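Note that these values count all heavy atoms, side chains included, but never hydrogens, waters or copies made by symmetry. Proteins come first, then strands; the chains are lettered A, B, ... in the order of their sequence lines, and each starts at number 1. Because the structure is predicted, anything quoted here is derived from the model rather than measured.
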There are 2 protein chains.
Amino acid sequence: MARKPADQAVNRQDILLAAADVFRRKGFHGAKMADIAAEVDLTAGSLYHHFPGGKQQILHEVLANGLDIVTEKVRAIIEDTTLAPAERFRRAIYAHVVSLTANVSVAAALVFETRTILEDDIERESYLARRDRFEALYQRVIEDGIETGVFRTVDVPIFSKALLGAQNWLGVWYRDGGRLTGEQIANEMAEFFLNALLIC
Amino acid sequence: MARKPADQAVNRQDILLAAADVFRRKGFHGAKMADIAAEVDLTAGSLYHHFPGGKQQILHEVLANGLDIVTEKVRAIIEDTTLAPAERFRRAIYAHVVSLTANVSVAAALVFETRTILEDDIERESYLARRDRFEALYQRVIEDGIETGVFRTVDVPIFSKALLGAQNWLGVWYRDGGRLTGEQIANEMAEFFLNALLIC
DNA sequence: TATATAATCAAATCATGATTTGATTAATTG
DNA sequence: CAATTAATCAAATCATGATTTGATTATATA
């Protein structure tokens, strides 16, 4: 029967992480299959064994996985209605930022390569849906806060784009081992945006 | 002597704008010289007459020009010490955002292709310097506000990255003809970030 | 251990696209 | 209008890199 994967054989996840890293450094179009393969000690051709769909499929899985992981964390917080809107908002930002900094390469791919995947008509639909679903989470909690009277009356779509921009930008500048940890940065950012909304 | 450029001949600026647009849609690596050429009714080879340095040079000029134009607008405001820090901060954001929305393609290039130009060792140095100079402008006015006691004591580098992220992100989502004008968005964003800083 | 299947590789294929080259066609200026 | 330089083009070059193909090697299970 089918053999169980050997311990030393590379698995899909290794390849996806390696790919995210190469994408961060060179961009999707600039990344060679050989570059990705080299990161996991394979040759370019071997990658097709794991991802028959080639480079495009690899990108798709990097982005879809990455977004899903963050979405799930944020969703759990936003939908916890036992907490006040301000607290849900704060915790969501914190979790989100920590998640991005914990995995800069994927965060960077989410920033830089979303455009690439949207070029592909097949992926386009499903990816846009994923993204809208995510953005809606933040919009919901902001609206809750406004209705409750604890948040200023801001333009919610614009505010959420500003927030997401600030967060996504981490994928551009954050590096492990910098002056602040991901958690410290997450705290700061949650503070910033909460102050922007709170009526004092 | 040298001939004066004919009226109907394409000029460098046309090409740079066309290039920025193609870069926005396909990314630097995905953009073909032929794509850029087609936008101005030329063939790929003809572009080398205007830009002997090829695609790389075109990217360099798009980014350097784009950044310089925005920098100059923001600089004039930040350095106008007849205004209070809060007012300088507000006007700088406004001018910056209006400038980005007035030229989405260049704004998008500044977001997506900075990484590309940084790969090039020659450009790297000069471009990083430009960018630091720009970021320093915002940091200065924020520090002024803190020292004056009108702004909260935030972590200035992190705050400015959050701000720049929110602004740069416009290059990703803003499109002409949307629900709000560039000016309206600029106002909103200035409000957001001012509220994040102001001690009420 | 024998066999089936997974993993992998090296060497083709195939396409694509940047850049160069050698004319050819304007437009300017004396 | 002749001479000169600018703009442009079509057709080579040249390189690069994704993907395919046909073995080869490793490992698990019967």
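Ion pair A:Arg131/A:Glu135 not flagged as a salt bridge, since none of the NZ, NE, NH1 or NH2 atoms sits closer than 4.0 Å to an Asp/Glu carboxylate oxygen.
Legend: residues meeting ring-ring contact (aromatic ring centres under 6.0 Å, His included) with B:Phe134, ordered by chain and number and at least two apart, are B:His96, B:Tyr138.
The distance between atom CG of A:Asp14 and atom C1' of C:dA7, rounded to the nearest whole Å, is 14 Å. Look at CG on A:Leu47: it is 10 Å from P on D:dT19, rounded to the nearest Å. For the pair B:Leu42 CG and C:dA26 P, the interatomic distance rounds to 15 Å; values are reported in whole Å. Rounded to an integer number of Å, the gap from B:His49 NE2 to D:dA7 P is 4 Å. Regarding B:Phe51, its CZ atom lies at a distance of 15 Å from the C1' atom of D:dT8, rounded to whole Å.
Of the candidates C:dC9, D:dC9, C:dA7, C:dA7 carries the atom nearest the A:His50 side chain, counting heavy atoms from C-beta on. Between D:dC9, D:dA7, C:dC9, one nucleotide has an atom nearer to the side chain of A:Ser46 than all others, and that is C:dC9.
Nucleic acid contact for B:Asp41: sugar-phosphate only, since backbone atoms but no base atoms lie under 4.0 Å from a heavy atom of the residue. Looking at heavy-atom distances under 4.0 Å, A:Gly45 makes contact with a base.
Between B:Phe159 and B:Phe89, the ring planes are tilted. Angles from 30° to 60° get that label.
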Distances for protein N or O near nucleotides 16-18 of chain C N or O, under 3.5 Å:
| unit_1 | atom_1 | unit_2 | atom_2 | d |
| --- | --- | --- | --- | --- |
| C:dA18 | OP1 | B:Ala31 | O | 3.0 |
| C:dA18 | OP1 | B:Met33 | N | 3.4 |
| C:dA18 | OP1 | B:Lys55 | NZ | 3.2 |
| C:dA18 | OP2 | B:Met33 | N | 2.8 |

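With B:Arg124 contributing its side chain and B:Ile117 its backbone, the two residues share no donor-acceptor pair below 3.5 Å. Checked by atom type and distance alone, the side chain of A:Glu143 never pairs as donor or acceptor with a backbone atom of A:Val156 at under 3.5 Å.
Cluster annotation: A:Ile69 and A:Tyr127 are assigned to distinct hydrophobic clusters (Ile/Leu/Val/Met/Phe/Trp/Tyr, side-chain heavy-atom contacts under 4.5 Å, transitive).
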